[in-house]
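In what follows, a single structure is set out as structure tokens and then discussed.
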Amino acid sequence: MADLNIKDLDYGWSHSGVEQYMADLKLYMFDNVQKAIEEGQKNVIFALDKGWSGVSREKFDQLFKAKCEELIKAISEEYVDLKSRIADLAYNYAEQDAQMIKD
């Protein structure tokens with residue numbers, strides 16, 4: 001997971017640790033979940049290909065694909081939002097540190 005050791009502390013927090021944390025979150029939160037959704041979608045379609053055809057099947061395929069894409073998009077948007085919130089926290093820590101000791 002993220003390197004939060006004190007060897008590279010700047011403002012009471014680890015800049016490289018925050019960057020690594022975000023990279024890890026992207027891997028776990030988005031990349032792995034996206035792969036799982038896509039793999040699950042393929043497995044469902046493969047199973048259905050064995051015995052379901054017709055107009056209702058075509059409609060199911062369209063709706064199922066659209067829902068899978070919506071889910072992937074929602075996860076991506078959540079990651080972007082979380083990344084922004086963590087960047088705000090890191091900025092706030094730096095600002096707090098800068099204001100701790102006044103001349």
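All residue numbers in this chain count up from 1 along the given sequence.
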query = Could you state the interatomic distance from CZ (Phe46) to CG (Asp49), rounded to the nearest 0.5 Å?
reply = 8.0 Å
ask   = Roughly how far apart are Lys26 NZ and Tyr21 OH, rounded to 0.5 Å?
value = 15.5 Å
Distance in Å, Lys42 NZ paired with Cys68 SG, rounded so as to fall on 0.5 Å steps = 12.0 Å
Lys65 side, atom NZ; Phe60 side, atom CZ - distance, nearest 0.5 Å = 14.0 Å
Value rounded to 0.5 Å, distance of OG in Ser56 from CG in Asp61 = 9.5 Å
query = Can you hop from Phe30 to Leu71 via hydrophobic side chains spaced under 4.5 Å?
reply = yes
query = Should Ile37 and Phe64 be counted in the same cluster of Ile, Leu, Val, Met, Phe, Trp and Tyr side chains packed under 4.5 Å apart?
reply = no
Check against side chain to side chain contact (heavy atoms under 4.5 Å, CB included), Leu25 and Ile86 = CA-CA 11 Å; Leu25 271 180; Ile86 290 175; 4.0 Å; yes
ask   = Say you draw a straight line from CG of Leu89 to OG of Ser84; how long is it, rounded to the nearest 0.5 Å?
value = 9.5 Å
request  = Identify whether the distance between the nearest side-chain nitrogen and carboxylate oxygen of Lys73 and Glu78 falls below 4.0 Å.
outcome  = no
inquiry  = Is it the case that the side chains of Glu38 and Gln34 hold a donor-acceptor pair, with the cut-off being a distance below 3.5 Å and no angle test?
reply    = yes
inquiry  = For the backbone of Leu48 and the side chain of Arg57, can you confirm whether one donor and one acceptor N or O come within less than 3.5 Å of each other?
reply    = yes
